Every structure is written in C-alpha cells, then in structure tokens.
Amino acid sequence: MKDDIAKAIEKAIGRLKSEGVIPSQAAASVPIEIPKDPKFGDFASPVALSLAKEAGLKPRDLALKIAGEVMEEKDPLILKVEVAGPGFINLYLADKWLDHAVKAIRKAGSDYGRSGNGAGERVNVEFVSANPVGPLNIVNARAAAVGDSLVRMMNFTGYKAESEFYVNDAGNQVGVLTDSVYARFRQSLGEDYPFPEEGYQGLYVKDMAEKAKEEFGPELANMPPEEAKRLLRPFSLKQMLEWQKKSLKAYDVEFDTWTSEKSLRDKGAVEEALDRMRDNDDLYEEEGAVWFKSTKYGDDKDRVMIKGDGEYTYVAPDFAYHLDKLGRGFTKLIDVLGPDHHGYQGRMQAGIKSFGYPEGTLYVLILQLVTLLRGGEAVKMSKRAGEFITMDDLLEEVPKDAARYFFIMRNTNSHLEFDMEVAAKSTPDNPVWYVQYAHARCCSIFEKAQREGTDLTLMEGADCSLLNHPTETALVRRMSVFPDELWAAVEELQPSRMARYAYELAGEFHRFYTECRVVSEDVALSAARLALVDAVRITIANLLPLMGISAPERM
RNA sequence: GCGCCUGUAGCUCAGUGGAUAGAGCAACUGCCUUCUAAGCAGUGGGCCGUAAGUUCGAUUCUUACCAGGCGCGCCA
C-alpha cells in the first residue's frame, strides 16, 4: 500500500513537472510515513517540504497543488487527501483498503514480505571468522547473530546471499596453540615441561592434550617435538573448528562456506593477488620489505605485504581472500567485524580498488562492543585470568531466541548492553517474549475457536472493511509496511530495524487483543477479525525466522 | 597526536531538515465472571553534550570544543 501511495504521489508530481510547476530535474523519491497521530491520516508524506525550494513555492502551496493532482486521478482506495502543518500531505484511505491489505497478506502467506528487490545479486557475507585458537566470545556471538540475520533477510528480499567463515589456519596463532597443547601433553605425563609464554591458558587446551594422548598414544612423547607438533597442529585445528561449529549451531548459525587461509596460500592465491597489484604498479620495495601503495586509494599509510624476513603480513592473504571471493562471482562483499578492526577498513577498500573493482563493492560493517551485565551489574571478565564468558556459557544462561534478539536489537554502531538476567527472564522487560507471545496468542485464538466449533472457513469470505476500531486500523497499517521495513533494514544492513519492527507490531497486536474480542456473536465481524489475526500470525511467523528466532504456537 | 564510533527522560536505547522529540525499564495509579494479565490503559519525568554556522525552519547537516569507548606494528 505504501508503494501505491508513493506511486500516486509520484504521478502527481510527474504531472506538475510536465506543467512546469516543479523543475523536471528535481529529486524523485517520495517518502511515505505512518503519522504518529492517526488524526493526520493513515499515511503521510513530507515530500512537498523538500521540493518546495526547487519549485520556488511555499511548502504549503506546493503541497496543495500535489494534493489536488492526487485527487484529480485518485486511486479508489484513497478516500481523501489533506494538507496540514507546514506542508504535510496526509492521506486518508477508504475502509476498503483494510480488506485489500489483509487479503494481500493472507494470500501471500509464508511469502509475505518476500521481494525481488535484490535482483538476484550475489552477496557474500563474512562474519565471525574467529581465530581457531579458543572458544567463541561475546563479540563473535553478536557477529553471528547480525551476520546470519543479514543473510536471511537478504535472501528473503531477492539477493543470493551466502554466509562465509574465514579460517585463519596459516598464521602463527595456530602454532602457539599447537605449542600450548604440546606443552600440556608433556605436562600430563608428569614432566616439568615449560609452557609457552604467550600460550593459551584455557582449560580446553588441557582437554585437547588429553584427547591427543588418546589419539596418538604416549609414543607422541618419544618423537622429536617438531614431528609431534606436525601431528598435533592439524589435530588441534580440527578440534577447534568442530567446537566453533558446534557453538554456532546452537545459535542456529550455519555457514555456507568455510574458507581456509592455508588452502588459499597453498594454491598460490597470495602470489596471484600480489601480481595483480604489481601489474597495477601498486607495489614497491623499501627497507627490505614489499609495500602496497594503499595511499593511492585513500588509505592513511602504505602497508607492508611481505616482511623483511620474507613472510607475508596478515593483510596479504586477506587481500588474496577477498580477491578469491570476488573471483567466485560475488558482486557485493560484506565483512562483519569487531570494533578493534575499523582500522582495517581503509586498507581493504584500497586493495579492492587496486584489483579494479568499483567503489561500494566491499562494505565493512563494524560492530561495537558488548557489555555483559547480570542484573544490572557488569560481569567482570579478565582474559588473563581466563575468566570470561564464552558464547557457550551465555547459552547456558540465556535461551537461544532471547540471545539472538538481544544481539541484534541495537544498531550495529551502538555499544550493546546485554543483561543476561533480563534476557533469561520471562517477564515484561524481555522484548523477545513480548513478540513471541503475540504469535502464541494468535495461535491460541484459532485453537480456541476451533475447539468451540467456530467455522474457520468463514475467514475466506470475510469483509475486512469492518475492521474500524483504531487498534485494528493501526494493526493493519503496521503490517502493511512490513515489506518496506524489511527492505529498509536490508539496505541499511541493520537487522536491529527488524527487531524493533517486530516489537512494535507485537504492541499493536496486544492493544488490539485487549480492546477487541475476536470471536463473538457477530459472525461477520468475527470472520473479519479472524482474518486479521491470521494476517498477524503470518507476518510474525515470517519475520521472526529472519532473525533466527522461533515463533512458538504456545507459551 | 591522528582516525573510527558514541553523547536524547533516573537507566537502556529509538527517531527525524519540518506537525506537541518516542519506547522499554524503574516510580506511582487503574483494568482479569469473557479468545494466555508473559497483556492493556494512565501519571510524572527532557536547554536532544556545549558553542557557532548553513537554513524560512536544526535534536537531525557543517565546524570547533568537551566527555566516554575503541583503534593507530614488517602482530592477527
């Protein structure tokens, strides 16, 4: 409906343009909003306010002209158009539109909200990509929730989006992990074997050492350390990856692709990427190192690609990795990163440009920090002392649905306060329950109606124009903008918008539920309200899975 | 010092170049013989960090400053 209204106003503006009232080059987009106060109409547009200057008219006068044009050739669903305030165009819709809107939602069913807006563009969303050296942490968990929701939302709106996890299995961090496991292994045999200075202290390293003992037997101790570590390295890596996969699965996050840095290196992808930069004259040698002239593409300083000792810096394989993704046919790359990586953005954008891809190919979404609270008190975490809450720990305290909602409920560039006690509760302060409860209530109405012998097929012939109660029209309005809200969330890469929309929709439903009895003696009204409730059920059932949250039928 | 993010109600956060700046929590007051009260309605609470600029109009855009967070390696 929002679209139809925007089109009607666009047409009106088009006619005014051809009459020369508005200059033809004036911007074309027509914003439509739901007014805060229903007395300002079902929908409103401030378009005249922004166009007034170019037209050389007072906003109000222009609004009157546009309104006049809209009425001239008006959509039968539009009842009247008014101009109010400084120049808002307020549209009031005929009751018939309620019927249209509800029927459209029910007809679309599980496809309500789905669109082809993404036009099949192939998008790669990379997220989490934690080093395979320890358990997943809370920022990883936020990245998992945000990244996975983005992929789901994008696929629902016509993109071909895939999720990807980049495994840093070639760097020296895995070496440190291997050394740590090896040391714990020797210690477990009663030896006084030194633990590496930068080694990983966590208990899981000891567990892995025990597993290694089972796997390889005590003869591992008799091998030269280098040989033992050659066995331990892939073994440790595999354990870590399995652990991380398991943690993610518990959050309903599964990746389409896991790409290994090592495999990229092995097939010469790094050299290939560097050659490409060299061909562009973007590499140079200085002080015994090879540098990428990233300042040429807007980075604040040039970056070393090959160190003095002949090793790559971590960025070189990262460039190769991005080039690899692009080589697989993705035209848009999204990297979801933690707050400590924002400095990474400039060099990576520079690399993409050096490879010849257009501006806007890569989008880096930076997530801000998460502060964990328990009952309003900050949870003390000390990495050094090995005291920190992992993603797994969190799930033991907070149900998956609540965790996922909490992780996406804030804008990505806002710090997130996550109170585990609130998230774990089933009380009104917990927004997840509020939304799920709305869905359960819808289902419960049908269950009750059926049990009491109400003929549910009555819905099919329902006349939803009867839904005149303010809470009913508000509910229909809110539902009708779901596709627009979803698309806005996708364009802004902000799943938080979906979380908020879900909350608002649930609120409209709870108000309706309190004010209006669905099943009553009035057969026609009951039929209309059942259809309305069905539409709500459909909308919520479609949007919760986009956030990886279930829509329970009973609570 | 430089860069990125943030500064809106007691707390956590929405929001927008324009109509009286919103929600949840916390406080207080009402509403269950009726489809789940895990709900609803209401009251109180705001120099939208400070100052200047652009504008008919700024909480929104620009700049400076103040405050908080995070980064700034031939570490990953």
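Letters A, B, ... are given to chains in the order of the sequence lines, protein chains preceding strands, and every chain is numbered from 1. The figures that follow rest on heavy atoms only: side chains count, while hydrogens, waters and symmetry mates do not. Quick caveat, the model's predicted, so the values are computed rather than measured.
- Across the strands present, B:rC40 finds its partner in B:rG30; the criterion is a Watson-Crick or G-U wobble pair with both atom distances under 3.5 angstrom.
- Set against B:rA76, B:rC70, B:rG39, the side chain of A:Thr514 has B:rG39 as its closest nucleotide.
- Look at A:Arg303 and you won't find any side-chain N or O under 4.0 angstrom from OP1 or OP2 of B:rG73.
- Relative to the six-membered ring of A:Tyr92, A:Lys80 meets both conditions, a distance below 6.0 Å and an angle of at most 45° to the axis.
- Using a 4.0 Å heavy-atom distance criterion, A:Phe40 is classed as a base contact.
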Give the C-alpha distance, both sets of side-chain angles, the deciding distance and a yes or no for side-chain hydrogen bond (donor to acceptor under 3.5 Å, both in side chains) between A:Asn411 and A:Ser496.
-> CA-CA 5 Å; A:Asn411 193 300; A:Ser496 59; 4.8 Å; no
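- B:rC32 adopts a syn glycosidic conformation, its chi angle falling within 90° of 0.
- Closest contact between the side chain of A:Trp433 and the listed nucleotides B:rA38, B:rC40, B:rC70 involves B:rA38.
- The side chain of A:Pro86 approaches B:rA19 more closely than any other nucleotide in the set B:rC35, B:rC13, B:rA19.
- Using the Watson-Crick or G-U wobble rule with both distances under 3.5 Å, B:rC35 pairs with nothing in any strand shown.
- With a 3.5 Å ceiling on both atom-pair distances, the Watson-Crick or G-U wobble partner of B:rA51 is B:rU63.
- Contact annotation for A:Ala449: no contact, since no heavy-atom pair falls under 4.0 Å across all strands.
- Side-chain atoms of A:Arg500 lie closest to B:rA14 of the nucleotides B:rA14, B:rC5, B:rA76.
- For the P atoms, the distance from B:rA19 to B:rA37 is 37 Å, rounded to whole Å.
- Both geometric conditions, a ring-centre gap below 5.5 Å and a plane tilt below 30°, are fulfilled for A:Phe88 over the base of B:rA19.
- B:rC75 and B:rG53 are spaced 44 Å apart, taking the C1' atom of each and rounding to whole Å.
- No contact: A:Asp318 has no heavy atom under 4.0 Å from any strand.
- If you find the closest nucleotide of RNA chain B to A:Ile366 and to A:Gly343, the one lying nearer the 5' end belongs to A:Ile366.
- Note on A:Ser520: nothing from the nucleic acid sits closer than 4.0 angstrom, heavy atoms only.
- At B:rC40, one or more side-chain N or O atoms of A:Tyr434 fall inside 4.0 Å of OP1 or OP2 (strictly under the cut-off).
- No engagement by A:Pro46 is indicated, since no non-hydrogen atom pair under 4.0 Å with the nucleic acid exists.
- Distance, A:Asp340 CG to B:rC5 P: 16 Å, rounded to whole Å.
- Among the atoms of the strands shown, none is found under 4.0 Å from any heavy atom of A:Cys442.
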Run the ring pair (Phe, Tyr, Trp, His ring centres under 6.0 Å) check on A:Phe292 and A:Phe319 step by step: do they pass?
-> CA-CA 11 Å; A:Phe292 167 42; A:Phe319 282 138; 5.4 Å; yes
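- Taking all atoms of both residues into account, the shortest heavy-atom contact from A:Asp401 to A:Ile549 is OD1-CA, 3.5 Å.
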Criterion side-chain contact (heavy atoms from CB on, under 4.5 Å) on A:Val133 and A:Met240, from CA distance to verdict | CA-CA 7 Å; A:Val133 293; A:Met240 290 306 332; 5.8 Å; no
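- Closest approach to the A:Val519 side chain among B:rC35, B:rA19, B:rA76 is made by B:rC35 (side chain taken as heavy atoms from C-beta onward).
- Seen from the ring of A:Phe509, A:Arg441 does not count as a face-on cation partner, given the 6.0 Å and 45° thresholds.
- Across all non-hydrogen atoms, the minimal contact from A:Arg477 to A:Pro38 is NH2-CB, 4.2 Å.
- B:rG71 and B:rC2 make up a base pair, with Watson-Crick or G-U wobble contacts both under 3.5 Å.
- Backbone-only contact: A:Leu369 has heavy atoms under 4.0 Å from sugar-phosphate atoms and none from a base.
- Residue-to-nucleotide proximity on RNA chain B shows that, of A:Ser444 and A:Asn168, the 5′-proximal contact is made by A:Ser444.
- The C1' atoms of B:rG39 and B:rU55 are separated by 46 Å, rounded to the nearest whole Å.
- Here A:Gln436 lies out of heavy-atom contact (under 4.0 Å) with every strand.
- The base of B:rG3 sits with one of its N or O atoms less than 3.5 Å from a complementary donor or acceptor on the side chain of A:His342.
- Rounded to whole Å, the separation between the P atoms of B:rC61 and B:rG15 comes to 12 Å.
- For B:rA41, one of the phosphate oxygens OP1 or OP2 lies less than 4.0 angstrom from a side-chain nitrogen or oxygen of A:Arg511.
- Atom OH in A:Tyr513 sits about 11 Å away from atom C1' in B:rC32, given to the nearest Å.
- For B:rU6, one of the phosphate oxygens OP1 or OP2 lies less than 4.0 angstrom from a side-chain nitrogen or oxygen of A:Asn413.
- Nearest to the side-chain atoms of A:Ile445 among the listed nucleotides B:rG39, B:rC35, B:rA19 stands B:rC35.
- Nearest nucleotide to the side chain of A:Glu417, out of B:rA19, B:rC13, B:rG69: B:rC13.
- When Watson-Crick and G-U wobble pairs are counted only if both distances are under 3.5 Å, B:rC11 pairs with B:rG24.
- When the C1' atom is used for both B:rG22 and B:rU8, the distance is 10 Å, rounded to whole Å.
- Going from the C1' atom of B:rU59 to that of B:rG17 covers 11 Å, rounded to whole Å.
- Here A:Asp419 contributes atom CG and A:Leu372 contributes atom CG; the two are 9.0 Å apart, rounded to the nearest 0.5 Å.
- Taking every side-chain heavy atom of A:Lys307 into account, B:rC74 is the closest of B:rA14, B:rG39, B:rC74.
- Considering A:Val270, A:Leu274, A:Thr313 as possible partners of A:Ile306, the one that fulfils the side chain to side chain contact (heavy atoms under 4.5 Å, CB included) test is A:Leu274.
- Across all strands, A:Lys301 comes closer than 4.0 Å only to sugar-phosphate atoms, never to a base (heavy-atom distances).
- With distances taken from any side-chain atom of A:Lys448 to the nucleotides B:rA19, B:rC35, B:rC74, the minimum falls on B:rC35.
- Within 3.5 Å, a donor on the side chain of A:Asn90 pairs with an acceptor on the base of B:rA19, or the reverse.
- The A:Ala289 side chain lies nearest to B:rC74 when the options are B:rA19, B:rC74, B:rU20.
- Atom C1' of nucleotide B:rG71 and atom CG of A:Asp299 are separated by 14 Å, given to the nearest angstrom.
- Within the nucleic acid shown, A:Ala438 has no heavy atom closer than 4.0 Å to any nucleic acid atom.
- Contact annotation: A:Thr471 side-chain N/O to B:rC40 OP1/OP2 distance is not under 4.0 Å.
- Close placement of the A:Tyr204 and A:Trp243 rings is indicated, their centers lying within 6.0 Å of each other.
- A distance of about 43 Å separates the P atoms of B:rA58 and B:rG73, rounded to the whole Å.
- Rounded to whole angstrom, the span from the CG atom of A:Asp37 across to the C1' atom of B:rG22 amounts to 13 Å.
- Remark: the separation of the C1' atoms in B:rU60 and B:rA21 is 11 Å, to the nearest Å.
- Among the heavy atoms of the strands lying under 4.0 Å from A:Asn131 are primed sugar atoms or P, OP1, OP2 only; no base atom is included.
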